[in-house]
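If you're wondering where the values come from, they're calculated on a predicted model, not measured in any experiment. Note that ligands are numbered from 1 as they come in the structure, with each ligand's atoms numbered from 1 the same way.
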Amino acid sequence: MTRRFDAIIVGAGQAGPPLAGRLTAAGWKVALIERHLFGGTCVNTGCTPTKAMVASARAIHLARRGAEFGFSTGGEVVVDMARVQARAAAISAQSREGVRGWLDGMDGCTVIEGHARFVAPDTLAVGDEHVSAPRIFLDVGGRAVVPPLPGIDTVPFLTNTGILALREVPKHLAVIGGSYIGLEFAQMFRRFGARVTVVEKGPHLVAREDEAVSEAVRGIVEGEGIAVRTGAECITLSPHEDGVAVGVACTEGEPEVVASHVLLAVGRRPNTDDLGLEAAGIETDERGAICVDDGLATTADGVWALGDCNGRGAFTHTAYNDFEIVAANLLDGGDRRVSDRVSGYALYTDPPLGRVGMTLRDARATGRPLLVASRPMSRVGRAAEMGETRGSCRRLSMPKPGASSARRSSASMATRRSTASSTPSTPARPMTCCSGRCRSTRRCRN
Ligand SMILES: Cc1cc2nc3c(=O)[nH]c(=O)nc-3n(C[C@H](O)[C@H](O)[C@H](O)COP(=O)(O)OP(=O)(O)OC[C@H]3O[C@@H](n4cnc5c(N)ncnc54)[C@H](O)[C@@H]3O)c2cc1C
Ligand SMILES: NC(=O)c1ccc[n+]([C@@H]2O[C@H](COP(=O)([O-])OP(=O)(O)OC[C@H]3O[C@@H](n4cnc5c(N)ncnc54)[C@H](O)[C@@H]3O)[C@@H](O)[C@H]2O)c1
């Protein structure tokens with residue numbers, strides 16, 4: 001039997017539930033299919049538990065700095081990892097139940113639990129059942145990449161999911177990958193009391209940023225006692241009596257790091273390999289990201305892809321903004337485009353790194369005149385009062401072609417007040433449709 005709806009949404013992550021809300025409010029009959037945890041990555045194994053743990057780590061860090069602020073805790077700060085873990089899990093659970101309750105109570109929304117797979121362009125199978133609709137929205141997210149590092153099959157390792165279940169502080173955590181996930185976990189576990197080594201194959205940490213920003217971040221984490229090994233292009237893993245031997249012999253320094261635990265934080269891949277996309281004629285690029293046009297339509301009529309699975313952003317705020325674009329275009333007669341989005345980035349180390357708009361490197365590459373203003377946090381009065389003088393803030397401005405005053409600007413800052421993660425809607429640089437192979441460019445435009 002096939003159940004018919006006006007629309008089907010696959011995935012209850014960051015874009016699916018709000019889209020269900022808008023569509024049902026417009027009178028559509030909607031099916032929302034989720035195969036695992038409501039709220040998706042962000043709520044269950046991403047933003048929510050990690051930021052809860054970042055908060056524990058920061059409280060612990062501040063307690064250790066008590067003397068500086070004028071108090072004493074009467075001895076060494078003792079970390080109870082099981083309680084840190086339980087606190088984060090409870091905050092996640094509350095959010096997950098909130099998403100589930102919202103969908104269950106949504107008039108016109110049918111929640112179906114199970115793995116969805118296309119069997120025809122307008123039909124998905126979920127277990128023994130078939131559901132069909134003229135409009136289908138994919139919000140299937142992604143999962144941690146596990147690269148074929150030599151020895152990977154011979155040792156235990158963690159990803160962002162497994163590390164959240166640790167109830168004891170690792171003796172020595174080796175973090176492979178020095179970007180968002182790697183650095184957030186590296187700093188929090190260092191503050192929990194672990195020895196931590198970050199192993200990054202590129203020459204810099206957080207390589208999307210300007211070199212000076214990357215080096216400032218490196219200085220901050222090294223200042224807390226985290227060892228950083230960059231340029232580690234030939235990492236090997238092998239069993240060791242004390243855990244895992246991580247070979248980093250290709251760089252200067254010790255050729256091997258022996259860790260009790262290894263975290264892989266080397267990127268994410270979209271959950272598109274088991275969706276039956278070929279049955280609907282939906283194309284993907286070489287990373288498995290679904291090819292979409294500027295309005296997030298896929299290469300199949302009546303199918304859209306939102307969030308991490310379309311490769312056009314990998315943040316909660318970009319997934320949510322995808323929902324806003326699709327809903328505005330379908331329901332409000334809008335003509336919103338992904339290429340109109342100014343990307344905002346936030347790395348929740350402490351101090352956090354926030355950036356909206358271009359890097360200095362990209363701005364310089366335009367060849368246009370630039371105004372650059374920067375200030376170390378050590379020269380900001382409020383930062384000194386808060387004891388938060390690490391890092392700096394910077395603002396870039398460039399005149400619009402033909403305009404006399406500086407109109408476009410970007411800002412990056414590593415400061416306590418840079419934690420906003422919303423995305424402004426002023427024009428940004430153009431983005432390409434797909435990151436690589438796209439057999440059809442019918443819907444792909446810059
Ligand atoms: C450790 C970590 C920390 C992060 N921290 C931040 C942060 O601080 N700020 C930020 O902006 N971003 C952060 N992110 C990124 C953020 O979590 C993602 O960008 C966001 O969750 C993407 O939302 P989504 O809706 O695209 O996908 P997801 O949230 O991954 O949701 C996809 C859902 O689809 C379901 N699904 C998949 N396939 C199927 C199928 N075939 N049938 C049925 N259901 C299916 C999945 O079970 C899942 O529930 C973090 C990510 C990680 C891993
Ligand atoms: N604060 C946030 O908003 C936040 C937090 C966590 C995750 N996220 C999202 O999740 C995505 C994934 O994060 P991520 O940090 O895993 O990936 P990433 O793509 O941001 O960075 C991966 C890092 O691993 C390195 N790397 C790749 N292969 C390697 C190898 N074999 N050995 C050593 N290093 C290697 C890369 O050079 C890069 O520095 C991010 O792009 C981001 O969008 C966001």
Side-chain angles (χ1 to χ4, degrees), residues 9-19 32-51 53-54 96 99 112-118 124-126 138-149 152 159-161 163-164 175-185 198-208 214 229-235 246 248 263-276 305-310 312-320 322-323 343-349 352-354 419 421-423:
I9 298 168
V10 184
Q14 293 303 304
L19 184 61
L32 188 143
I33 308 169
E34 170 55 55
R35 68 176 177 189
H36 190 36
L37 299 175
F38 285 76
T41 305
C42 185
V43 162
N44 297 288
T45 58
C47 335
T48 301
T50 57
K51 267 75 259 183
M53 288 168 74
V54 163
R96 178 168 61 248
V99 174
I112 301 173
E113 289 188 70
H115 176 87
R117 184 190 307 270
F118 279 96
L124 293 147
V126 187
L138 304 173
D139 173 36
V140 293
R143 60 185 186 276
V145 165
V146 178
L149 296 170
I152 187 94
T159 66
N160 65 292
T161 304
I163 198 169
L164 294 172
V175 177
I176 317 278
S179 185
Y180 294 86
I181 294 181
L183 292 180
E184 290 180 1
F185 278 116
V198 175
V199 183
E200 162 59 51
K201 79 172 176 185
H204 302 288
L205 300 178
V206 274
R208 288 183 190 86
S214 294
R229 303 291 298 272
T230 46
E233 280 175 9
C234 46
I235 299 164
V246 184
V248 283
L263 170 69
L264 292 182
V266 293
R268 315 263 308 157
R269 60 170 299 184
N271 290 324
T272 51
D273 36 2
D274 52 1
L275 256 180
L306 300 83
D308 285 11
C309 69
N310 66 23
R312 304 292 293 266
F315 297 95
T316 279
H317 49 271
T318 50
Y320 190 85
D322 285 358
F323 140 68
S343 289
Y345 303 83
L347 165 67
Y348 295 97
T349 47
L353 171 69
T419 51
S421 62
S422 63
T423 310

Flag the pair [X] / [Y] as yes when at least one side-chain heavy-atom distance between them is below 4.5 Å, and no otherwise.
X    : Y    : result
Y345 : L353 : no
P147 : V266 : yes
R117 : L275 : no

Subset of ligand 1 atoms that lie under 4.0 Å from at least one heavy atom of [X]:
X    : value
G40  : 29 (O), 31 (O), 48 (C), 49 (O)
G13  : 25 (O), 29 (O), 31 (O)
T50  : 1 (C), 3 (C)
L37  : 49 (O)
L275 : 41 (N)
I33  : 43 (C), 44 (N)
K51  : 5 (N), 6 (C), 7 (C), 8 (O)
G114 : 42 (N), 43 (C)

Which one of [options] has a non-hydrogen atom at the shortest distance from [atom]?
atom                    : options               : result
atom 47 (O) of ligand 1 : H36, R268, M53, E34   : E34
atom 52 (C) of ligand 1 : A12, G344, G46, P352  : G46
atom 15 (C) of ligand 1 : A314, P17, C42        : A314
atom 41 (N) of ligand 1 : A15, A116, G142, A144 : A116
atom 32 (C) of ligand 1 : D308, D139, I181      : D139

| request: Give a yes/no verdict on whether any heavy atom in T45 is under 4.0 Å from an atom of ligand 1. | output: yes
| request: Using non-hydrogen atoms of the residue, decide whether G16 is closer than 4.0 angstrom to ligand 1. | output: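 Contact absent.
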| task | Identify whether the distance between the nearest side-chain nitrogen and carboxylate oxygen of R143 and D273 falls below 4.0 Å. | result | yes
| Can a salt bridge be assigned to the pair R35 and D274 using a cut-off of 4.0 Å between side-chain N and carboxylate O? | yes
Once you round to the nearest 0.5 Å, how far does [atom1] of [X] lie from [atom2] of [Y]?
X    : Y    : atom1 : atom2 : answer
I9   : L138 : CD1   : CG    : 10.5 Å
E113 : I33  : CD    : CD1   : 11.5 Å
E200 : L205 : CD    : CG    : 6.5 Å
L264 : N160 : CG    : CG    : 10.0 Å
Y348 : T50  : OH    : OG1   : 9.5 Å
S343 : R208 : OG    : CZ    : 10.0 Å

Give every pair made of an N or O atom of ligand 2 and a protein N or O atom lying under 3.5 Å apart, one pair per line with both atom names and the distance to 0.1 Å, or write 'none'.
residue  : atom   : partner : partner atom : Å
ligand 2 : 1 (N)  : E184    : OE2          : 2.8
ligand 2 : 1 (N)  : A346    : O            : 2.6
ligand 2 : 3 (O)  : A346    : O            : 3.2
ligand 2 : 15 (O) : Y180    : N            : 3.3
ligand 2 : 15 (O) : I181    : N            : 3.0
ligand 2 : 16 (O) : G267    : N            : 2.9
ligand 2 : 17 (O) : G267    : N            : 3.4
ligand 2 : 20 (O) : S179    : OG           : 2.8
ligand 2 : 20 (O) : R208    : NH1          : 3.1
ligand 2 : 20 (O) : R208    : NH2          : 3.3
ligand 2 : 21 (O) : S179    : OG           : 3.4
ligand 2 : 34 (N) : K201    : N            : 3.3
ligand 2 : 37 (O) : E200    : OE2          : 2.6
ligand 2 : 39 (O) : E200    : OE1          : 2.6
ligand 2 : 39 (O) : E200    : OE2          : 3.3
ligand 2 : 41 (O) : R208    : NH2          : 3.2
ligand 2 : 43 (O) : A314    : O            : 2.6

Counting N and O atoms only, with roles assigned by atom type, does the side chain of [X] sit under 3.5 Å from a partner on the main chain of [Y], one being a donor and the other an acceptor?
X    : Y    : value
D139 : V10  : no
H115 : V126 : no
S214 : V206 : yes
D308 : G142 : no

Ligand 1 and [X], any nitrogen or oxygen pair closer than 3.5 angstrom?
X    : result
T41  : yes
Q14  : yes
T316 : yes

| Considering only heavy atoms, does Y348 approach ligand 1 within less than 4.0 Å through its side chain, its backbone, both, or neither? | side chain
| said: Heavy-atom distances under 4.0 Å decide this one: backbone, side chain, both or neither, for V140 against ligand 1? | reply: both
| When the ring centroid of Y320 is compared with that of F315, is the distance short of 6.0 Å? |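 No, too far apart.
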